[in-house]
K.L.:
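Just passing along the structure, written as structure tokens.
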Amino acid sequence: MIMHPFQAVATAHGATVLRVCRALVGPVDAEDAWSETFLAALRAYPDLPPGSNVEAWLVTIAQRKAIDILRRRTRDPVPIASDEFPDAPSPFGIPGRGDTHAELWSALGKLTMIQRQAVVWHHLIGLPYAEVAEKIGNSPAAARRAGSDGIAALRHTLTTDPAILDQVARDTAKGVAR
């Protein structure tokens, strides 16, 4: 198989990796995860065996970078000027800023990591559960169950506007999920 220049790889798979990062760490940290993913991939790309599934390889790196960010998030202090406290805490760290899918990002953040990964890889990326199971490190049946439980939890959480899942699916198909 012919190895493509890394710029072509980044162009071809950048949107997919960004969607995975947004789903795993939320919209605030997604660009950092995306950047860290492609920096790590750039270093390792020359050693990638010919015939490898580049998209799956990049998604695996993105998952690991997302886990690093989630772990780092629990250790980092949140700086707030004492005279400028927000009226209400924002789940995204940006008081007053809206997101068209803020309710969905919040609901995704409440899923377990396994459920979140299964939902993202199967429903957002479109991988079959057999491949999802390999990435998560469990059986296809367990991956299917995690995906099913994740979607059920999202539907339960998003009962105020169940059409949001349909809108996200349409946006994702168009490549504009935010």
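Just the heavy atoms: all of them, side chains too, but no hydrogens, waters or symmetry mates, feed the values below.
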K.L.:
If you look at every heavy atom in Leu111 and Gly150, which pair is closest and at what distance?
P.N.:
CD2-O, 3.8 Å
K.L.:
When rounded to the nearest 0.5 angstrom, what distance separates CG in Leu42 from CZ in Phe6?
P.N.:
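Leu42 atom CG to Phe6 atom CZ measures 5.0 Å (nearest 0.5 Å).
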K.L.:
Supply the atom-to-atom distance Arg75 CZ to Leu70 CG, rounded to the nearest 0.5 angstrom.
P.N.:
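It is 11.0 Å, given to the nearest 0.5 Å.
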K.L.:
Kindly give the heavy-atom pair with the smallest separation between Val119 and Gly147, and that separation in Å.
P.N.:
CG2-O, 3.8 Å
K.L.:
To the nearest 0.5 Å, what is the distance between CD (Glu134) and OG (Ser139)?
P.N.:
12.0 Å
K.L.:
Would you say Asn138 and Ile114 make side-chain contact, with heavy atoms under 4.5 Å?
P.N.:
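Yes, at least one pair of side-chain atoms sits under 4.5 Å.
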K.L.:
Kindly determine whether Thr60 and Lys135 satisfy side-chain contact (heavy atoms from CB on, under 4.5 Å), including the steps that lead there.
P.N.:
CA-CA 7 Å; Thr60 300; Lys135 297 200 169 302; 3.0 Å; yes
K.L.:
Parallel, tilted or perpendicular, judged at 30° and 60°: which one describes the rings of Tyr45 and Trp57?
P.N.:
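Rings of Tyr45 and Trp57: tilted, as their planes differ by 30° to 60°.
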K.L.:
For Val132 versus Ala143, what's the shortest heavy-atom pair and its separation?
P.N.:
CG1-CB, 4.0 Å
K.L.:
Taking the side chain as everything from C-beta on, heavy atoms only, tell me whether Val54 gets closer than 4.5 Å to Leu58.
P.N.:
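Yes; the side chains approach each other to less than 4.5 Å.
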K.L.:
How many angstroms lie between CG in Leu154 and CZ in Arg116, if you round to the nearest 0.5 Å?
P.N.:
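Answer for the CG-CZ pair, Leu154 versus Arg116, is 10.5 Å.
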K.L.:
Can you tell me how far apart CG (Asn53) and CG (Leu127) are? Round to the nearest 0.5 Å.
P.N.:
8.0 Å
K.L.:
Decide, yes or no, whether a salt bridge links Asp68 with Arg64 under the criterion of side-chain N to carboxylate O below 4.0 Å.
P.N.:
no
K.L.:
Mind checking side chain to side chain contact (heavy atoms under 4.5 Å, CB included) for Ala66 and listing every partner two or more places apart, or none if nothing turns up?
P.N.:
Leu24, Val25
K.L.:
Do Gln63 and Val20 touch side chain to side chain, with heavy atoms closer than 4.5 Å?
P.N.:
no
K.L.:
Report, one line per pair, each donor and acceptor closer than 3.5 Å where one atom sits in a side chain of residues 31-39; sequence neighbours left out.
P.N.:
unit_1 : atom_1 : unit_2 : atom_2 : d
Trp34  : NE1    : Gly14  : O      : 3.0
Ser35  : OG     : Glu31  : O      : 3.0
Thr37  : OG1    : Ala33  : O      : 2.7

K.L.:
Heavy atoms only: give me the nearest Thr157-Ala107 pair and the separation to one decimal.
P.N.:
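Residues Thr157 and Ala107, closest heavy atoms: CG2-CB, 3.7 Å.
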K.L.:
Do you know the tightest heavy-atom contact between Ala40 and Lys65?
P.N.:
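Between these two residues, the closest heavy atoms are CB-CE, 3.8 Å.
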K.L.:
For the atom pair CD1 (Ile69) and CZ (Arg72), what is the distance rounded to the nearest 0.5 Å?
P.N.:
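It is 5.5 Å, given to the nearest 0.5 Å.
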K.L.:
Please name the pair of heavy atoms, one in Tyr129 and one in His123, separated by the smallest distance, quoted to 0.1 Å.
P.N.:
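Scanning both residues completely, I find the closest heavy atoms to be OH-NE2, 3.7 Å.
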